[in-house]
Structures are given as C-alpha cells and as structure tokens.
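For reference, the structure is listed below as structure tokens.
Letters A, B, ... mirror the listed sequences (proteins, then strands); counts begin at 1. Small disclaimer: the values here were computed from a predicted structure and weren't measured.
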Number of protein chains: 2
Amino acid sequence: MEYYKQHPRFLVAVDCVIFGYEAGELKLLLYPRAFEPEKGKWSLMGGFVQENESACEAAHRVLAETTGMNGVFLEQVSAFSSPEREPSERVISIVHFALIRIDRFKKNRPVTASAKWWPVNNLPPLIFDHDQMADQALKRLQQKAGTTLAGSELLPSKFTLLQLRNLYEAIYQRGFDPGNFRKKMLSLNVLERLDQKNSTDSKKGAFYYKVKPNKAEKELERIVKYL
Amino acid sequence: MEYYKQHPRFLVAVDCVIFGYEAGELKLLLYPRAFEPEKGKWSLMGGFVQENESACEAAHRVLAETTGMNGVFLEQVSAFSSPEREPSERVISIVHFALIRIDRFKKNRPVTASAKWWPVNNLPPLIFDHDQMADQALKRLQQKAGTTLAGSELLPSKFTLLQLRNLYEAIYQRGFDPGNFRKKMLSLNVLERLDQKNSTDSKKGAFYYKVKPNKAEKELERIVKYL
DNA sequence: ACAAAAGTGTTTTCTCTACACCCATGA
DNA sequence: TCATGGGTGTAGAGAAAACACTTTTGT
C-alpha cells in the first residue's frame with residue numbers, strides 16, 4: 001500500500017490519571033519532573049505505546065511498572081493531539097483513568113520512590129496539558145460512578161455505608177443525606193451485608209458490606225444525578 | 001531528548017462518523033471501498049493526521065474535503081489502537097462524530113460521488129472495526145442529545161416540535177409521547193417560538209421554533225433519561 | 001449524661017407517564 | 001364528516017429530598 005507511505009508518523013503515548021481514596025479524600029498519583037522543561041512541576045504517570053500493544057495494553061503496562069499492580073480498572077478518556085502540547089517533540093497522548101486501592105499500592109518501587117498522592121481538589125501545578133487531562137478524567141469518573149458502583153474499586157473489599165458515602169462525597173465534591181444515601185444504595189440490590197461489623201468509625205458499630213458477585217460492573221439505573 | 005528516539009512511531013488517522021437526518025431517519029454517510037482488502041464493504045470517512053494539525057483539525061479537514069462543509073459540529077469519541085485493527089499496516093485511529101444537515105451537504109464532490117447515506121438501523125457490512133466505531137458514536141450521540149439540544153445541529157434552523165420529536169425518536173430508536181415531549185422541551189427554556197407556521201406536515205399548521213441564541217451548546221438538566 | 005454515628009420512618013415535593021380532550025383544517 | 005396532527009390539562013405512580021426520631025455505645 002504505497003498510499004500509507006507518504007503520511008507522517010507520530011510518537012504515541014498513554015497518560016494515566018490514577019485515582020485513589022485515602023483518609024476521606026479522593027487523590028491522584030503524581031510524580032515530580034526532575035528535568036527541564038517544566039522541572040519542578042508534577043506529572044501524570046505515562047509511557048510510550050509499543051509496536052505490539054494497544055493503548056489499553058500500554059496503559060496496563062505503565063500501571064504495572066509504576067504501581068506494581070495488575071488487573072487494575074482502566075478506561076480510556078480521550079486523545080490529546082495538539083501539535084504544540086509538548087514543546088520538545090510532538091507526542092499524541094491517549095489518556096486513561098485508573099482506580100486503585102491505595103492500601104494495595106506498593107510504594108517500594110524505584111520509579112515511584114518520589115511519587116505522591118495529591119488530593120484532587122488541591123493539585124500542584126502540572127506539566128503541559130496534564131491539568132486538562134485530570135479535569136476530564138474526574139468528569140468521567142463522576143459519570144462512571146453515577147451509573148455503576150465503580151467507586152467500589154477504590155475501597156477495600158469490605159466497607160461500611162459510611163465509607164461508601166464518604167467516597168461518593170469525595171468524588172462529587174458535595175454532601176449526601178446519610179439516610180437517603182443508604183436507602184438508595186441498598187435499593188439497587190448490588191450490596192451484600194456481611195455478618196461482620198466495623199467498630200472503629202463509630203461507637204455503635206456498622207455492618208460491613210461487599211459488592212455482590214457479578215454486580216461490580218453492572219450498569220445501574222442511576223445512582224447519582226450528574227450534571 | 002534522546003529519550004524519545006527509541007520509541008516507535010505510528011500512522012495516526014481520524015475516522016468520522018457522520019450523522020445526518022433525512023426523511024424521519026437518522027443516517028450515516030459511508031463510502032464504498034474500491035480496492036482490496038475488504039473491497040465491496042463500506043467505510044467511514046477518514047484521513048491521516050498531518051504534522052501541523054491536531055486530530056480535531058484533521059477531522060474538520062476531512063469533513064471539508066468530503067462534504068464541502070466547514071464549521072461542522074464535531075466531537076471526539078475514542079481512539080482505536082489495536083495492533084491488528086488494519087491488516088496491511090498498523091494505524092491508530094481517533095474516531096469523531098459529526099452532525100450535519102443533509103440539506104446543506106454538497107453532493108457534487110469527486111470524493112463523495114459514490115458516497116451514500118445509510119439508515120443507522122440498517123447499515124451494510126463495514127470494513128475493519130468501523131462497525132464498533134459507529135456503535136460507540138451512536139451511544140455518544142444519545143448521551144449528548146440527552147443533556148443538550150445537540151439534535152438541533154441535524155435540523156434546519158427553524159423546525160416544528162413534530163420534527164424535533166421525530167429526530168429524537170430516530171436518535172433513541174423509541175417513541176415519545178407527543179404531549180409530554182412538547183412540555184418537556186418547552187420547559188427547558190431554550191426554544192423560541194417564531195411567528196411563522198409550517199402547514200405542510202399537518203392540516204392545522206404548527207409553529208416553527210428555533211434554538212435561542214447561546215443555548216445550543218448549553219448543558220441542560222436532562223432531556224431524555226438514558227441508560 | 002452526652003456525643004456521634006447507625007439505622008428507620010414519614011412527609012413533602014417534583015418529575016415522569018399515560019391518557020383524555022378540544023382545536024383547526026385539508027381531503 | 002372524518003382523519004390527522006396541534007396543543008392543553010389532569011390524575012396517578014414513583015423517585016428524590018428534607019428531616020424527625022430512636023438505638024447503641026465509648027468517653
């Protein structure tokens with residue numbers, strides 16, 4: 001196909017917006033840029049797509065390399081392709097967002113020795129267009145959490161309704177009525193109550209719940225009114 | 001930056017899922033593939049991203065080249081990047097969807113001499129992964145039309161509520177109650193009634209409406225319950 | 001005793017839906 | 001006159017929101 005030959009070829013990257021939840025806050029994993037340009041600013045985890053892999057596979061590889069985690073929840077957000085988005089050389093980046101459990105995150109990797117979790121509502125200056133990437137990813141997460149229990153990817157396998165509500169409040173940056181939230185969530189019929197109770201977060205103790213098998217990815221009617 | 005040098009470079013394409021509305025049906029503009037492989041199947045309008053343009057700009061250029069139209073509504077859907085998605089050579093494609101008014105579409109262009117509008121619910125076999133692209137684009141259009149009057153991009157500048165309802169029925173492939181649809185649309189406060197009436201579609205005659213200035217792109221509460 | 005979260009119930013408001021009904025008019 | 005779409009009104013179902021209230025237990 002001579003046809004193809006005449007067209008330019010580009011470096012294609014993946015950038016990962018990695019969400020985690022800790023201490024009642026929704027956080028983002030960033031690492032500091034150690035060299036110019038933009039030295040001192042912070043950056044999303046990224047890497048270049050290779051010959052034998054799709055963007056999705058590349059994102060999983062980057063996740064594995066930088067967090068030590070496999071099988072992470074991952075979804076494509078959008079491609080960023082402005083010719084000037086990186087000053088040194090043109091790179092087209094396909095942005096993904098990932099949800100991980102911070103408690104499972106392995107800190108002792110060389111790549112992430114200097115990485116840091118930042119609260120989404122208080123991010124440091126980011127390089128290039130990474131701030132737009134983070135914005136778009138958060139909107140996608142809000143959309144996702146509005147129709148699935150995507151949030152449960154961010155919590156331990158057993159969690160209380162208080163923890164789940166706090167997570168949703170962190171994702172949507174707003175409060176939810178405790179009673180109404182509980183009733184809504186339970187009415188969706190995707191949570192299973194365990195016999196175990198949590199006694200650390202309250203005096204009375206709250207039952208633990210887990211997501212029912214095969215319900216984690218299920219599209220629900222609507223959990224949160226978004227927009 | 002020596003760092004960049006070692007990574008592979010890829011052909012990057014844009015493919016456009018071009019929606020139009022005609023004779024009460026939502027349609028897609030396709031053109032027949034004249035050579036192997038996949039000769040005889042139909043294809044989305046596409047082209048390669050050039051050095052000096054973003055994917056969005058490339059899509060606008062493809063739109064202009066193939067339909068003769070500028071300033072078309074265009075939105076990115078997703079990047080398709082599987083290494084095997086095109087058999088002859090690896091191409092990463094960034095899919096966009098476009099909304100155009102078929103009445104403004106110029107047929108007499110060499111590129112589109114053989115192009116054809118196909119009803120979305122009765123598409124011919126498409127090349128490669130173009131059927132998945134079309135599927136995803138339709139879902140995005142449904143989402144878009146659920147929170148904005150995106151649909152109005154597909155209609156003439158003045159339209160009746162019957163025409164608008166028929167369009168929404170075509171987009172969502174379902175019926176809407178005439179009375180309820182009217183009330184819902186009018187309650188959104190984005191339509192302006194004109195003094196003019198349409199007398200061709202009904203005996204009584206129906207008022208024309210237009211989208212109020214600055215309201216076309218506005219995010220609305222929710223027009224259609226999607227999902 | 002008190003605070004703080006767990007958990008349940010009630011009331012009010014709002015939206016969606018179905019459907020009845022009259023109007024205007026061309027065939 | 002009859003069929004067809006234009007346009008308005010209303011009753012009922014169901015969901016969301018606001019909020020009262022009771023339970024439990026560590027401090």
[X] versus [Y]: any side-chain heavy-atom pair under 4.5 Å?
X: A:Y209; Y: A:L161; result: yes
X: A:F19; Y: A:L141; result: yes
X: B:L123; Y: B:W42; result: no
X: B:F207; Y: B:T160; result: no

Take atom [atom1] of [X] and atom [atom2] of [N], then tell me their distance rounded to the nearest Å.
X: A:R165; N: C:dG7; atom1: CZ; atom2: C1'; value: 12 Å
X: A:M185; N: D:dA15; atom1: CE; atom2: P; value: 16 Å
X: B:D201; N: D:dG6; atom1: CG; atom2: P; value: 8 Å
X: B:K197; N: D:dG5; atom1: NZ; atom2: C1'; value: 11 Å
X: A:N198; N: D:dT25; atom1: CG; atom2: C1'; value: 14 Å
X: A:Q196; N: C:dA6; atom1: CD; atom2: C1'; value: 17 Å
X: B:F176; N: D:dG6; atom1: CZ; atom2: P; value: 16 Å
X: A:L191; N: C:dA6; atom1: CG; atom2: P; value: 15 Å

Does A:R174 count as lying over the ring of A:F176, i.e. NZ or CZ under 6.0 Å from the six-ring centre, within 45 degrees of the axis? yes
Sorted by chain and number, sequence neighbours left out, side chain to side chain donor-acceptor pair (under 3.5 Å) with B:Q196 holds for B:K158
Hits for side chain to side chain donor-acceptor pair (under 3.5 Å) against B:D135, two or more places apart or cross-chain, chain-then-number order -> none
Secondary structure of DNA chain C per the Watson-Crick/G-U criterion (both distances under 3.5 Å; [ ] crossing, | other strand, . unpaired) is |||||||||||||||||||||||||||
Reading nucleotides 8-14 of chain D from 5' to 3' and marking B where a protein heavy atom lies under 4.0 Å of the base, S where only the sugar-phosphate is that close, and - otherwise, the string is BBB----
Please classify the nucleic acid contact of B:L161 as base, sugar-phosphate, or nothing, using heavy-atom distances under 4.0 Å. nothing
Practice task
Would you check if there is a donor-acceptor pair between the side chains of B:S93 and B:D15 at a distance under 3.5 Å?
Solution key: yes
Residues in residues 203-211 of chain B with a heavy atom under 4.0 Å of DNA chain D, by number, are B:K203, B:K204, B:G205, B:A206, B:F207
| said: Salt bridge check, B:R33 against B:E38: does any charged N sit closer than 4.0 Å to a carboxylate O? | reply: no
> Does A:R101 come within less than 4.0 Å of A:E153, counting only side-chain N to carboxylate O?
Replying inline: no
Taken in chain and number order and not counting sequence neighbours, the residues that satisfy side chain to side chain contact (heavy atoms under 4.5 Å, CB included) with A:S54 are A:C56, A:E57, B:S81, B:P83
